[in-house]
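In what follows, a single structure is set out as structure tokens and then discussed.
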Amino acid sequence: MISGMEQQLRALASRVRAARSVTVMTGAGVSAASGVPTFRGPEGLWRTFRPEDLATPEAFARDPALVWEWYSWRRTRVASCRPNAAHEVLARWSQDASRQVLVVTQNVDDLHLRAGTRDLIRLHGSLWETKCFNGCVAGVRAWRDEDVAAPDRLPRCPHCGGLARPAVVWFGESLDTTDVERATRAARCDVFLTVGTSAIVYPAAGFARIAQARGAFTAEINLESTPASSLVDLSILGAAEDVLPAIDRLLLSN
Ligand code: APR
């Protein structure tokens, strides 16, 4: 007698096997096993820190040193983390020419990149990139920056000399139109997976419904149910770092 979970894994594996195109939307839960704090989980960042104090343009204008201190803390924390099995499976799928697998992430930790994910679509920017706070013409394009900012020497825009800010999407800000267009195109697929996200932050939380409306088979992998659980065709309650390798093994075994 096979377990309910085993049945679900086999059902999803057979959908992925038959698919020409698979899109995977990921959130903080995918990096939890690597030691990166989630936002709304038990030790989530937003339990300790107030987003309105740290993740809005107004907060940065009010106290850039405080915001940079927080992002430097996050850079230091993530620098000590490594991609986990969930990142590795998705990276391998994205490199596999037998089907198109696109990863769309809300995460800013770049662990998908470090795992080798191809054509990653980053909706919320990167912890490891910086851009001009004034939005000067040259400084609007983000540049790589792995430094930890010193409170007395905050990063500056090399073009206009103004303050530089972390190139992440803050609350109240729009996402980059190119990223949204790429994610919207990616929502035209055979299978749409949403993994490790609380599915409450838009527009990211809206892509599962777009994909479903276009005929995709939709599935969720999460430790707990979310607002997406009742929408998707299959909701698997489990850890991303366990469930994705299990599906991968089923794919490789047949
Ligand atoms: N495997 C699968 N799911 C997990 C795991 C795990 N190992 N650990 C935690 N989760 C789930 C939690 O149950 C929760 O539903 O991951 C989800 C994490 O949710 P959030 O902390 O809200 O993170 P996320 O959905 O990525 O947040 C979206 O909000 O704060 C903003 O811009 C920030 O990108 C972020 C966005």
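This one's a predicted model, so the numbers in the text were calculated from it and none came from an experiment. Every number for a ligand or one of its atoms is a count from 1 in the order of the listing. Just so it is clear, the values below take in all heavy atoms, side chains as well, and ignore hydrogens, waters and symmetry mates.
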Which protein non-hydrogen atom lies closest to [atom], naming both residue and atom, and how far is it?
atom                    : value
atom 34 (O) of ligand 1 : H124 ND1, 2.9 Å
atom 30 (O) of ligand 1 : W46 NE1, 2.8 Å
atom 6 (C) of ligand 1  : G29 O, 3.3 Å
atom 1 (N) of ligand 1  : A240 N, 2.9 Å
atom 11 (C) of ligand 1 : N222 OD1, 3.3 Å
atom 7 (N) of ligand 1  : E241 OE1, 3.0 Å
atom 31 (C) of ligand 1 : R40 NH2, 3.5 Å

N/O donor-acceptor pairs under 3.5 Å from side chains in residues 148-160, not counting sequence neighbours:
unit_1, atom_1, unit_2, atom_2, d
R156, NH1, G161, O, 3.0

Gap between atom [atom2] of [Y] and atom [atom1] of [X] - 0.5 Å precision:
X    : Y    : atom1 : atom2 : result
L12  : I236 : CG    : CD1   : 5.0 Å
E220 : T197 : CD    : OG1   : 8.5 Å
L127 : R77  : CG    : CZ    : 12.0 Å

Would you say the rings of F60 and F133 are close, in the sense that their centroids are separated by under 6.0 Å?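 Yes, they do, as the ring centres are separated by less than 6.0 Å.
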So, is [X] polar-close to ligand 1, with some N/O to N/O distance under 3.5 Å?
X    : answer
A32  : no
A28  : yes
G196 : yes

For atom [atom1] of [X], decide whether the heavy atoms of other residues, nucleotides or ligands shown that lie under 6.0 angstrom number more than 12.
X    : atom1 : answer
R99  : CZ    : yes
R62  : CZ    : yes
R188 : CZ    : no

Which ligand 1 atoms does [X] reach within 4.0 Å, using its non-hydrogen atoms?
X    : value
T38  : 21 (O)
Q106 : 28 (C), 34 (O), 36 (C)
L223 : 2 (C), 3 (N), 4 (C), 5 (C), 6 (C), 8 (N), 9 (C)
G27  : 26 (O)
F39  : 21 (O), 23 (O), 27 (O), 30 (O), 33 (C), 35 (C)
T197 : 15 (O), 16 (O), 17 (C), 24 (P), 25 (O)
F171 : 30 (O), 31 (C)
E224 : 13 (O)

Just by distance, with hydrogens left out, do T105 and T26 show a side-chain donor and acceptor under 3.5 Å apart?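 Present: a donor and an acceptor within the cut-off.
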Look at ligand 1 and say whether A86 reaches it with a heavy atom at a distance under 4.0 Å.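 Not so, A86 does not reach ligand 1.
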Whether H87 and H112 hold their rings parallel, tilted or perpendicular, with breakpoints at 30° and 60°: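 Aromatic pair H87/H112 classed perpendicular.
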Using the six-membered ring wherever Trp is involved, compare the ring planes of W73 and W70 and label them parallel, tilted or perpendicular (cut-offs 30° and 60°).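 Correct class here is parallel.
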Looking at M5 and L237, what are the two nearest heavy atoms and their distance?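 Minimum heavy-atom contact is CE-O, 3.2 Å.
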